[in-house]
Amino acid sequence: MSPETTVGPLQLSLALALIVTAAATLYSRHRLTGVVLFLVFGVFLSIYWGVIGAPDVALAEAVIGTGVTGALFGYTATVMPRPAHDRRGSIARTIAGLAGGAGIGAGLGYFLTRAAAAPPGGSGEPVGLTGQATAAVPATGVEHPITGVLLNLRSYDTLMEMVVLLSAATVAVAFAPRSDAGSSTRGGAPASEQRGPAAPPIVRGFVSLVAPVVLLFAAWLLFAGSTQPGGAFQAGAALAAVMILVQTSGVGRLRIGPAMICLLLLGVLAFIAVGLGGLVLGDAWLLLRGEHAGTVTIALECILAVTIGASLAAVFLASAGRRR
Amino acid sequence: MTLLADIVTVLAGLAGAGFFTAGTLGLLRFPDLRSRLHALAKADSLGLGFVSLAVLVQADSAGTAAKVVLVWLLALAAAATSAYLLAGEERP
Amino acid sequence: MSALLPAAVLLPVITALACLALPRRAQPISGFLGGLASAAVNAAVVVAVTSHGVLEHHMAGWAPPLGIALRADGLAAAFVGLTGAVGFATLVFAASAEATTGRRTGFWPLAMLTWSGLMGIFLAADLFNAYVALEVLGLSAVGMVALGGRGAPRAALRYLIVAVVGSMLLLTAIGLVYAATSTLDMDLAGQRLTAEDGWLPLVLAATGMGLKTALVPMHAWLPPAHAGSPPAVSPLMSALVVKGSFYLILRLWLDVFPRNDAVALVLGVLGAVAVIWGGVLALAQRRLKRIVAYSTISQVGYLFLAFPLLNLPGHQPAMVSAVVAMALAHGLAKAAMFTAAGALMLGTGTDHVDGLVGAARSEGVLTAGMILSAVSLIGLPMSLGFTAKWQYLEVALQTGAWWIVLVLLTGTLLAAGYLLRPLAALIRDSDTHEEVGQAEIGPRPAAQRWVPLALGAMAVGAGLFTTDLTALTSIGWG
Amino acid sequence: MIELSVASLTLWTGALLTGLALVRLLTVEDLIARLIALNLTGGGTLLILVGLAARTEPVDPVPQALALTGIVITVAFTGVGLILVRAVDDDERPSRSADGRAHGHDEEANA
């Protein structure tokens with residue numbers, strides 16, 4: 001599905017569905033309908049990414065953008081169903097908002113299309129770094145170009161991105177529910193609150209059935225990443241999904257304790273170690289070439305996946321932990 | 001062989017589409033939550049079964065076929081559990 | 001030698017990891033040591049740039065446009081030095097008492113991550129990498145603001161939304177530059193970007209960074225965030241975090257985007273409005289931390305006031321050193337003022353101006369620190385603030401930009417107004433017939449007294465080294 | 001169908017999405033609706049990013065890697081946003097969380 005072909009009915013209908021679901025999500029009356037419509041939007045967006053020839057982004061959007069974000073929103077919206085001051089927006093305001101939004105979007109689209117249509121300044125060669133990037137990928141030890149870019153050509157970007165996740169996890173640790181933060185709980189929270197109310201047996205059965213499958217799926221995603229779409233981020237998010245399922249269904253008991261914090265540190269520490277190794281062995285930070293580059297990348301991806309899973313789970317626990 | 005496979009795909013696909021439409025009609029027409037859940041859970045799961053069958057026949061390797069069946073089974077389990085949870089919310 | 005640059009970004013991250021692993025009691029020690037090491041690396045980078053000129057390090061061994069480069073020229077070295085000085089001083093202040101770091105644990109790792117984000121921006125030579133570093137800075141700054149008292153989470157949430165919208169405008173601009181030049185490296189993009197491709201990304205990036213730097217009319221989020229955050233966080237926010245996004249638009253303006261007089265004028269006018277409007281709002285405030293927060297909005301106006309002058313080819317090197325001097329002066333003086341205000345608030349339990357009457361008698365050193373920082377913020381002679389404004393005046397007079405001269409003078413008067421009023425309250429005795437009682441201040445630890453004085457002295461003393469600062473900022477071009 | 005390349009369709013969808021979401025982001029009161037609008041703006045911006053650059057035969061891997069990084073950053077911000085929404089909710093509804101105040105007794109540095 002090369003981007004140059006003209007737009008088929010599938011892409012057009014998906015694009016339309018995206019706009020309509022987005023408008024519905026933005027102007028929904030209740031929080032819960034907003035969250036559910038957001039999930040529908042996420043599904044459409046994942047399919048759209050796949051259809052325009054970006055499978056990695058589609059997978060990431062599905063697992064991270066819709067899966068984990070959906071879980072975060074879903075849980076928070078149900079724990080706080082009614083906003084403190086729910087003002088009924090009138091129909092006129094909704095129409096005005098939609099018109100205004102569409103106007104700004106159209107203006108932005110017009111200027112962007114004009115800018116994109118103009119031939120690239122001066123240099124005649126095709127736009128983008130496709131040629132150079134695909135030529136350089138074999139040296140990175142992985143075949144899939146996206147993973148090659150993420151973990152070798154632009155690995156410093158991915159390291160800083162892990163630092164962003166570390167920052168989010170630190171905020172989660174700071175706002176962990178009191179009973180979790182390991183500090184002396186005054187009078188100790190009631191036992192039931194400690195374990196979280198047990199979900200009905202059918203849910204516990206479903207989770208104990210599905211969790212191993214999703215774990216297997218996460219592992220498969222991780223190792224597929226070197227040859228086809230997949231990789232540490234999607235695998236990490238699938239891992240987080242398992243943790244969230246286990247926590248909410250009461251099958252297991254996760255808390256932001258020393259073990260979780262240890263997992264949070266591991267990923268960035270490993271990445272910096274690889275960076276330092278590149279400096280010591282080669283002559284530049286994060287240098288990763290030669291025959292064992294592939295194995296080091298895979299090992300690093302495993303640790304990154306675990307840390308990404310732990311970070312997203314920590315954020316879920318902090319935002320959805322039972323405090324009341 | 002492929003002609004037979006194509007015929008099965010087309011028929012199964014149409015049947016699947018039919019059941020999905022039935023499920024959606026049920027959602028729109030039925031009066032209360034529980035009957036809607038009933039319509040959705042049953043019809044859509046069966047529709048997905050037919051669509052999986054349609055895809056199964058075209059699968060090139062056993063691995064892909066197994067994955068399609070796995071997708072269907074997981075979808076069944078998820079549909080049943082979420083329907084149970086939603087039904088549980090509205091105790092009469 | 002160039003391997004120093006990634007070390008400057010990653011050492012604070014390693015310290016953050018250590019602080020996250022330790023319980024709250026042990027975090028000040030490890031944070032202090034990590035801050036000391038990071039400040040040493042920052043100093044090493046500044047020395048390396050002054051002796052060796054521009055440093056460049058290709059990450060993972062891939063040269064641009066494929067790989068990512070880190071580059072440190074004179075302009076970057078100046079801001080790296082500012083981060084080292086103000087960052088370390090604030091960490092010393094934070095180590096003095098646990099109350100300075102807010103109710104919850106998390107200040108130390110988040111402060112070090114903010115330091116790492118700042119270094120990531122100052123040393124970035126790749127557009128998308130600068131965006132990711134900006135996100136590290138934004139998210140850890142939001143985290144730090146949220147550690148404050150009652151209103152802090154709501155202010156932090158508002159700041160988060162502002163930070164994300166600003167970054168998304170920048171990301172769209174980066175997409176446009178990549179589409180036009182097929183590279184993400186700043187220098188290569190600068191060479192290839194033509195004027196008719198360049199105006200839209202410039203407008204988007206300038207709006208995004210203006211939003212994150214709280215340029216008027218997009219400033220409403222700043223006072224609750226900076227004033228509401230814990231005493232040790234406010235100096236980091238006003239002195240350093242705000243500089244991160246300003247540095248990015250300055251770097252893009254000088255290296256990537258072609259000349260654009262219209263945008264330069266708009267930024268200059270908005271800067272002028274910010275100087276005056278920020279000053280007027282600061283005059284109206286009754287709480288010390290809010291006065292200092294609104295003063296940030298006014299001082300940021302000075303930074304953006306430089307864009308019309310930056311745009312004139314003949315005067316670019318002089319104007320860049322003027323902007324850098326202004327940024328450094330504001331950084332040092334604002335950190336001194338906010339640490340002093342924080343210490344006073346912890347001592348008296350309130351930061352309302354009337355509650356601080358006569359505090360100078362028992363806290364002379366603290367008040368001296370505030371006076372020195374006021375001298376630099378107002379721009380009285382011999383302080384770095386003064387020499388910065390003097391350089392502005394020189395270029396403005398040469399190019400006949402009279403309105404800038406007028407704004408500079410009005411701004412100085414307004415700054416004098418809103419800063420001297422709280423200082424007067426500190427110094428004068430509470431008259432017998434006034435109902436406002438004498439402020440009793442709990443004894444302040446040594447760090448809370450001497451850090452503001454040290455920073456204030458640096459803000460004033462640095463005025464003597466302006467020629468060295470100009471020499472430093474002109475390394476790499478100009 | 002309409003003479004329109006996929007890249008510019010992606011561009012137009014991204015632009016419309018960003019426009020709609022930005023306007024709603026600035027006008028809506030409810031915090032969770034704001035975070036949802038933030039996510040939609042993020043999705044729109046990434047569509048623009050890939051739409052602008054994706055005009056080569058195999059889609060250029062670099063913008064895809066950037067979009068992937070963008071998605072992860074958006075989820076990090078959304079997570080922190082939701083943590084803050086819960087913190088705001090705790091602050092502004094002391095009545096409902098009686099024990100919630102139990103841990104808030106230690107001396108607070110007031111704003």
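Naming convention: chains lettered A, B, ... in sequence-line order (proteins, then strands); numbering from 1 in each chain.
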Would you mind reporting whether D/Leu68 and A/Asp56 have side-chain heavy atoms less than 4.5 Å apart?
-> yes
Applying a strict 4.5 Å limit to non-hydrogen atoms, the region of A/Glu61 in contact with chain D is both
Heavy-atom side-chain contact between D/Leu9 and A/Leu12 under 4.5 Å = yes
Residues two or more places apart in sequence or in another chain: which of them pass side chain to side chain donor-acceptor pair (under 3.5 Å) with D/Ser8?
-> D/Ser5
D/Ile73 CD1 to A/Ile64 CD1 distance, which is reported to the nearest 0.5 Å = 11.5 Å
Please determine which of D/Ile83, D/Leu84, D/Val80 meets the side chain to side chain contact (heavy atoms under 4.5 Å, CB included) test together with A/Ser319.
-> D/Ile83
Toward chain D, the part of A/Phe41 with a non-hydrogen atom under 4.5 Å | side chain
Please determine if D/Arg86 forms a cation-pi arrangement with A/Phe175, meaning its NZ or CZ atom is less than 6.0 Å from the six-membered ring centre and no more than 45° off the ring axis.
-> no
Which portion of A/Leu45 sits near chain D, non-hydrogen atoms under 4.5 angstrom = side chain
Can you tell me how far CG of D/Leu47 sits from CH2 of A/Trp49, rounded to the nearest 0.5 angstrom?
-> 4.5 Å
Let me know if A/Leu16 has heavy atoms under 4.5 Å from chain D in its side chain, its backbone, both or neither.
-> neither
Does some side-chain heavy atom of D/Ile32 sit less than 4.5 Å from a side-chain heavy atom of A/Thr76?
-> yes
Does any non-hydrogen side-chain atom of D/Val23 lie less than 4.5 Å from one of A/Leu98?
-> no
Checking A/Phe111 against chain D: side chain, backbone, both or neither under 4.5 Å from a heavy atom?
-> neither
